[in-house]
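Notes to accompany the following structure.
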Amino acid sequence: MAQKPSIPKGTRDFIPAEMSKRKYIFDTIQSIFTLYGYLPIETPAMETMQTLMGKYGEEGDKLIFKILNSGEFNQGISADEYIQASSTALAHKICEKALRYDLTVPFARFVVMHQNEIQFPFKRYQIQPVWRADRPQKGRYREFYQCDADIVGSNSLVNEVELVQMVDAVFSKLGIRVCIKINNRKILAGIAEVIGESDKIIDITVAIDKLEKVGIENVNKELSDKGIADSTIAKLQPILELHGTTEQKLQQLQTILQSSEVGKQGIAEIEYICTNISHMSLSAEVELDLTLARGLNYYTGAIFEVKSKDVQIGSICGGGRYDNLTGIFGLPGVSGVGISFGADRIYDVLQQLDAYPAQVNQTAKILFVCFGEPEQQQALLYAQSIRSKGIACDVYPDVAKMKKQMQYANDRGIPYVGIIGETELESHTIMLKNMITGTQEAVNIEQCIAFLQK
RNA sequence: GUGGUUGUAGCUCAGUUGGUUAGAGCAUUAGAUUGUGGUUCUAAGGGUCGCCGGUUCGAGCCCGGUCUUCCACCCCA
């Protein structure tokens, strides 16, 4: 026998039962995106190395899947070079393409390349897989889908407000209780400025990001490991210990960040977003979380992260404002803000909550069960007229035992079965059986259609 | 990338200090039932015990390597 087949680490197959659930998630997200006026685009699975490298920080570069050049990729590399070069330097020599790591950077590239074909402000959505050479864990895969909605070419905070609204719409439609955490990079910058460590802002945010997880002592320890003076860490304490409602937190921040222009700007932005949201009676909880940092280093303004309240799985959605992402590709002055839904994690959450609507597993509404070939031919005609009314209909393709045909309907959750035998054929009727109640009655095709349309 | 963990039928798992032909439940297929599914009963198919090597008269069990799974870190959807 041949060797057992396998698929690469961190990838998955999806059987029909899983696909219909996944499709339900994608369709829900897509319908909301469309509802808010976003337009679809797609970009290639692979980008040039140049486009991707250096956009996600040093760690990110390592997690990008590189594609080996085709043909004689090792030509022009000496043995010395091969042994001595760092793996990234070597990668640049033998790879000119890589798999996309997210949808935001390819989108920035897209905007620059198509700047004369699109009108700003440009709202796009994109639902495609991305790849990361991460070590897999629960809710962490090497191939997974992102569902992104971004708007570029507008500085207005209205966009941020609308994104929060959209996040709320998606999760309430899916029936997932969530907490939307918001923060602002400018506030984080302000904090760094106030304590006099502006150049260490990355280290500081990475450290305080872990507050909830490891506790304040460990955060302080990490800060001091990173070479931040104890007196400076002491200045940070009142910020880490902030609590109360969003209004109260903002009020306290006002005084702490008094001397920082950026900081005050960040506060004003958050205030604008929060006041507007408060008028909208969202079902999700919105919370200002100063420990929210988000690793991607291209965010410059508001940042968002969404967590499920009932399932622990990390964030299921995240995003923020990036002021100059297209600048790297030669188009400065275009601000963007966007949000990304992690469909695979949302799937895991729904799976754990068992919160799928019943019709997700339904294929056809009616199955024709026939006893012989003449009956089948009649069923094909009936099926055609039922389908013409937009009702999903299936005809069992083989002349098989009734039990087998009924079981087919049962396994697939088909709610009605139309039985056709000699008697029905003669009287031009269908024995319409309800598979849930078990009752049945003889009807003609018009009655049958009318019944199914109800 | 670092440290740990897991692997026996499609799935969930048994398998005695190393000892004949590796088991169960569920699932699948067929029959009981030639015009009626879910329940029940009967039977069948399905395993190079993740893979490669070693120790041994003998390995599912012991040892080494490798791959995979899951977990923590890193980072993140």
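Predicted, not measured: the structure shown is a model, and the values here were computed from it. Chain letters run A, B, ... following the sequence lines, proteins first and then strands; every chain starts at 1.
- One interatomic measurement links the two molecules: CZ of A:Phe65 to P of B:G1, which rounds to 11 Å at whole-angstrom precision.
- The base of B:U36 is paired with the side chain of A:Lys433 by a donor and an acceptor separated by under 3.5 Å.
- A donor N or O paired with an acceptor N or O is found under 3.5 Å between the base of B:U2 and the side-chain atoms of A:Arg135.
- Side-chain nitrogen and oxygen atoms of A:Lys404 include at least one within less than 4.0 Å of the OP1 or OP2 phosphate oxygen of B:A30.
- Donor-acceptor pairing under 3.5 Å, judged by distance alone, is absent between the side chain of A:Arg412 and the base of B:G37.
- Atom pair A:Lys9:NZ and B:U6:C1' shows a separation of 13 Å (rounding to whole Å applied).
- The aromatic rings of A:Tyr101 and A:Tyr56 are tilted relative to each other, their planes meeting at an angle between 30° and 60°.
- Using bins of under 30°, 30° to 60° and over 60° for the plane-to-plane angle, the ring pair A:Phe451/A:Tyr416 lands in the perpendicular bin.
- Between the CD1 atom of A:Ile208 and the CD1 atom of A:Ile191 there is a distance of 5.5 Å, given to the nearest 0.5 Å.
- Among the nucleotides B:C75, B:A77, B:G31, the one closest to any side-chain atom of A:Leu63 is B:C75.
- For A:Lys210, a side-chain nitrogen or oxygen approaches OP1 or OP2 of B:C75 to under 4.0 Å.
- Here B:U39 presents its P atom at 12 Å from CE of A:Met435, a figure rounded to the nearest Å.
- A stacked arrangement is not assigned to A:Phe341 and the six-membered base ring of B:A77, the conditions of a centre distance below 5.5 Å and an interplanar angle below 30° not being jointly met.
- Along RNA chain B, the nucleotide closest to A:Ile7 and the one closest to A:Asp411 are compared, and the more 5′ of them pairs with A:Asp411.
- A donor-acceptor contact under 3.5 Å is not formed by the side chain of A:Gln405 with the base of B:G35.
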May I have the step-by-step check of side-chain contact (heavy atoms from CB on, under 4.5 Å) for A:Val369 and A:Met402, ending in yes or no? CA-CA 7 Å; A:Val369 165; A:Met402 199 153 187; 4.3 Å; yes
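- Between the C1' atom of B:G37 and the CG atom of A:Asp394 lies a distance of 16 Å, rounded to the nearest Å.
- Atom-to-atom, CD of A:Gln440 to P of B:G38 comes out at 15 Å; the value is rounded to the nearest Å.
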